[in-house]
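Scroll down for the structure; my scribbles are underneath it.
Bear in mind that the values here come from a model prediction, so they are computed numbers and not experimental data.
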Amino acid sequence: MTPQAVIFDIGNVLIAWQPERYFDRLCGASRRRAMFGSVDIHAMMNRIDAGADFGAEAARMASAHPDFAPELLHFRNHWCDIAQPAIPHSVRLMTALRARGVPVYALSNFGAGNFPLSAAQFPFLRQFDRAYISGRMGLIKPDPAIYAAVEADCGLPAEALFFIDDRAENIEAAAARGWQVHLFEQPEGLARALVTKGLLTPQEAT
C-alpha cells in the first residue's frame, strides 16, 4: 500500500552525526582514538538518548575520565558544532513531502536536552507533524516498545508507515512490526524509494 506517513530518523539522515570526524579535527586523530578507546562515547550518548540528563551525563563522564574531561565537556558545550551539518537533499525530500500534504514524523534516538539545541539550529527539525524523540519517551530504538508507542500515538496501522533510518537494527525492528522501511545510505537512494512508493514525482525528488 502507499504509505500514509513517512517517518525520518534524524542523525545521519537529516543532519550529520560523525563525532569521530569532528574530534579528529578538534584534537587530532591520535588523541581522538585514545579518547574513544578509553571512554565508551556511544554508550554515553545511548544513555542520553534513553533519557539521562544531557549536561549531567557529560559532566559525570568528565569526572570519571579526567584525562579527557575537556573533550567530554565539549559535547555539552559545543553540541551544535558536533551534530551538523544538515544533509541538504534529505531536507529537500522532507520539505517536498510536506508540500504534497504527506504527514512527516520523526523517530530519533536523541536526548531530551540536546534535541532543542539542534531544533533551534535547524528550523526544519521543528516542522514534523509528530516528533518522537527517544529521550522524551524514555525508550530507545530498536526496542520494539518505541515502535509500538508510535503506532498507538499516530493511530495508523503498521503497514501504512514508511520508516527511514541509517541503522540496520532499527530498520529490522520496524520491519518486524510490519512497517515499510528504507535503510538510508545516500539521499539519492531515498529519493528513488519515495518515487517508487508514489509519494513524490521524480522532479519533486531532486
Just so I know, are the side chains of [X] and [Y] near enough to count as touching, which here means a heavy-atom distance under 4.5 Å?
{"X": "Arg100", "Y": "Leu200", "result": "yes"}
{"X": "Thr95", "Y": "Phe124", "result": "no"}
{"X": "Arg47", "Y": "Arg60", "result": "yes"}
{"X": "Ile87", "Y": "Ile15", "result": "no"}

Roughly how far, to the nearest 0.5 Å, is [atom2] of [Y] from [atom1] of [X]?
{"X": "Gln186", "Y": "Arg192", "atom1": "CD", "atom2": "CZ", "result": "9.5 Å"}
{"X": "Ile48", "Y": "Arg76", "atom1": "CD1", "atom2": "CZ", "result": "11.0 Å"}
{"X": "Ile41", "Y": "Asn46", "atom1": "CD1", "atom2": "CG", "result": "11.5 Å"}
{"X": "Leu161", "Y": "Ile7", "atom1": "CG", "atom2": "CD1", "result": "4.5 Å"}
{"X": "Ile82", "Y": "Gln18", "atom1": "CD1", "atom2": "CD", "result": "12.5 Å"}
{"X": "Arg21", "Y": "Arg32", "atom1": "CZ", "atom2": "CZ", "result": "11.0 Å"}

For this session: Could you tell me if the ring centre of Phe23 sits under 6.0 Å from that of Phe75?
Result: yes
Considering all heavy atoms, the nearest [X]-[Y] contact:
{"X": "Leu156", "Y": "Ala5", "answer": "CD1-CB, 3.7 Å"}
{"X": "Ala52", "Y": "Glu57", "answer": "CB-OE1, 4.3 Å"}
{"X": "Trp17", "Y": "Asn12", "answer": "N-OD1, 2.8 Å"}
{"X": "Ser90", "Y": "Val13", "answer": "OG-O, 2.8 Å"}
{"X": "Ala29", "Y": "Asp24", "answer": "CA-OD1, 3.2 Å"}
{"X": "Asp165", "Y": "Arg167", "answer": "OD1-N, 2.8 Å"}

So, does [X] use its side chain to make a donor-acceptor pair with the main chain of [Y] at under 3.5 Å?
{"X": "His89", "Y": "Ala191", "value": "no"}
{"X": "Arg130", "Y": "Asp153", "value": "yes"}
{"X": "Asp53", "Y": "Ala56", "value": "yes"}
{"X": "Thr206", "Y": "Gln203", "value": "yes"}

For this session: Might you work through the side chain to side chain contact (heavy atoms under 4.5 Å, CB included) test for Leu190 and Phe8, ending with a clear yes or no?
Result: CA-CA 11 Å; Leu190 174 58; Phe8 282 85; 3.9 Å; yes
Problem set entry | Test log, rule side chain to side chain contact (heavy atoms under 4.5 Å, CB included), inputs Asp9 and Ile164 | CA-CA 6 Å; Asp9 180 30; Ile164 303 146; 5.9 Å; no
With a 4.5 Å cut-off on side-chain heavy-atom distances among I, L, V, M, F, W and Y, is there a chain of contacts connecting [X] to [Y]?
{"X": "Val6", "Y": "Tyr132", "answer": "no"}
{"X": "Phe163", "Y": "Leu14", "answer": "no"}
{"X": "Val195", "Y": "Leu93", "answer": "no"}
{"X": "Phe122", "Y": "Val91", "answer": "yes"}
{"X": "Phe68", "Y": "Leu73", "answer": "no"}

For this session: Please report the C-alpha distance between Phe162 and Gln4 in whole Å, then the side-chain angles of each, then the deciding distance to 0.1 Å, and finally whether the side chain to side chain contact (heavy atoms under 4.5 Å, CB included) criterion is met.
Result: CA-CA 8 Å; Phe162 181 49; Gln4 296 178 46; over 6 Å; no
For this session: Would you please test Glu71 and Arg31 for salt bridge (Lys or Arg N to Asp or Glu O under 4.0 Å) and show each step?
Result: CA-CA 10 Å; Glu71 290 88 351; Arg31 174 76 175 172; 2.8 Å; yes
Exercise. Does CZ belonging to Arg92 count more than 12 external heavy atoms closer than 6.0 Å?
Worked result: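 Correct, the count exceeds 12.
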Donor-acceptor list for residues 172-185 side chains, cut-off 3.5 Å, not counting sequence neighbours:
from, atom 1, to, atom 2, distance (Å)
Arg177, NE, Glu151, OE2, 2.7
Arg177, NH2, Glu151, OE1, 3.0
Trp179, NE1, Glu151, OE2, 2.7
Gln180, OE1, Lys197, NZ, 2.6
Gln180, NE2, Met1, O, 3.0
Gln180, NE2, Glu159, O, 2.7

For this session: Keeping to residues at least two apart or across chains, list the ring-ring contact (aromatic ring centres under 6.0 Å, His included) pairs with something in residues 27-58.
Result: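 Of all non-adjacent pairs touching residues 27-58, those that pass ring-ring contact (aromatic ring centres under 6.0 Å, His included) are Phe54-Trp79.
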Quiz: residues 102-112 side-chain donor-acceptor pairs under 3.5 angstrom, not counting sequence neighbours:
from, atom 1, to, atom 2, distance (Å)
Asn109, OD1, Lys141, N, 2.9
Asn109, ND2, Lys141, O, 3.2

Problem set entry | Test side chain to side chain contact (heavy atoms under 4.5 Å, CB included) applied to Ile10 and Leu125, step by step | CA-CA 9 Å; Ile10 294 175; Leu125 295 180; 4.0 Å; yes
